[in-house]
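These numbers come from the heavy atoms of this one structure, side chains and all, not from hydrogens, waters or symmetry mates.
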Amino acid sequence: MAALSPAKATYASQDLHDWVKYRDTTLIYPSNFPLRTVLPLRVYLAQPDDRLRTAVFTAAWQHDIDVGNPEELAGVLTEAGYDAKALIAKASDPDIKDMLKQTTARGIEAGICGAPSFQVDGGPVVFGQDRLPLVADLLCGWAPPATHVTPKL
């Protein structure tokens, strides 16, 4: 894969900072990037709720906590009010592991290139938080031209 041109790299960096300002939030690029996300993803599958997701994302992207490290993730979970020991143990359940493998395979098959990615009723894969208006249109019944090729999720 070709590297980003200097102009594209500069634009991508500025775009990220612009979104952080637009959303009135903070972002610290994790010092351990790329993140090891297998354990946090399994924990989320074991307890799929927005409060847990927010706690893990905030820890990684605003406080530079290594959420792939079981001890550090346990601290995040405990601080958020969860039974960290039970959730991390449940994340090792074969059914949870299989669920993550299946979900990952579906994403690969659909051609997902990163997060966040969306797909509505087998339609096109839509990538990026800046594409949410398109996702809203898809949810309201808009469909791309029939010539558009879309892998199924």
Side-chain angles (χ1 to χ4, degrees), residues 1-4 8-9 11-13 15-16 19-20 22-23 25 27-74 76-77 80-153:
M1 175 184 278
L4 294 178
K8 177 69 174 183
Y11 176 84
S13 178
D15 186 55
L16 178 62
W19 274 103
V20 167
Y22 177 74
R23 294 287 185 188
T25 190
L27 178 122
I28 297 172
Y29 210 80
S31 59
N32 61 320
F33 192 85
L35 301 175
R36 292 186 47 85
T37 59
V38 171
L39 180 59
L41 288 169
R42 287 181 187 163
V43 166
Y44 180 79
L45 290 172
Q47 179 73 43
D49 69 55
D50 286 343
R51 193 170 56 85
L52 184 143
R53 178 188 44 79
T54 298
V56 172
F57 271 72
T58 300
W61 291 97
Q62 293 183 339
H63 302 292
D64 195 22
I65 295 172
D66 182 0
V67 295
N69 176 300
E71 292 80 25
E72 292 191 47
L73 180 60
V76 170
L77 296 171
Y82 293 95
D83 181 341
K85 187 175 180 179
L87 272 178
I88 289 173
K90 191 173 179 183
S92 294
D93 181 280
D95 289 340
I96 296 293
K97 289 180 174 184
D98 190 50
M99 190 183 309
L100 181 56
K101 288 176 188 174
Q102 290 175 15
T103 302
T104 302
R106 283 179 39 220
I108 291 168
E109 183 181 324
I112 287 178
C113 62
S117 291
F118 309 91
Q119 188 176 46
V120 177
D121 297 330
V125 172
V126 180
F127 170 70
Q129 83 283 350
D130 56 331
R131 302 298 195 274
L132 288 175
L134 177 59
V135 174
D137 286 346
L138 290 164
L139 287 166
C140 290
W142 177 81
T147 57
H148 186 87
V149 177
T150 302
K152 296 271 186 207
L153 266 181

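- Within the model, atoms CZ of R42 and CG of L100 stand 6.5 Å from one another, a figure rounded to the nearest 0.5 Å.
- Of all the heavy atoms in F127 and G114, the pair that sits closest is CE1-C, 3.4 Å.
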* List the steps, then state whether side chain to side chain contact (heavy atoms under 4.5 Å, CB included) holds for T25 with Q62. => CA-CA 9 Å; T25 190; Q62 293 183 339; 2.7 Å; yes
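- Contacts classified as side chain to side chain donor-acceptor pair (under 3.5 Å) and involving residues 84-95 (residues at least two apart or in different chains) are not found.
- The heavy-atom pair separating V125 from A110 by the smallest distance is CG2-O, 3.6 Å.
- The side chain to side chain donor-acceptor pair (under 3.5 Å) pairs that include a residue from residues 27-41 are S31-D64, N32-D66, where partners are two or more places apart or lie in different chains.
- Between A60 and L35, the shortest heavy-atom contact is CB-CD1, 4.1 Å.
- With sequence neighbours excluded, the residues forming a side-chain contact (heavy atoms from CB on, under 4.5 Å) with K8 are L4, S5, listed by chain and number.
- Shortest non-hydrogen contact noted between P40 and V67 is CG-O, 3.3 Å.
- Judged as a side-chain contact (heavy atoms from CB on, under 4.5 Å), and not counting sequence neighbours, A115 has no contacts.
- Atom CG of L87 is separated from atom CG of L45 by 11.5 Å, given to the nearest 0.5 angstrom.
- For the residue pair V43 and L52, the shortest heavy atom distance occurs at CG1-CD1, 3.9 Å.
- Side-chain atoms of S13 do not come within 3.5 Å of backbone N or O of A9 as any donor-acceptor pair.
- L77 has its side chain within reach of I88: a pair of non-hydrogen atoms, C-beta onward, lies under 4.5 Å apart.
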Let me check something: any side-chain donor-acceptor pairs from residues 129-140 under 3.5 Å, sequence neighbours excluded? List them with distances.
none

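- Among residues two or more places apart in sequence or in another chain, the side chain to side chain donor-acceptor pair (under 3.5 Å) test is passed with E72 by none.
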message: Determine whether R53 and D50 satisfy the following criterion, salt bridge (Lys or Arg N to Asp or Glu O under 4.0 Å), listing intermediate values before the conclusion.
response: CA-CA 5 Å; R53 178 188 44 79; D50 286 343; 3.3 Å; yes
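- The two residues A84 and A74 make their nearest non-hydrogen contact at CB-O, 3.4 Å.
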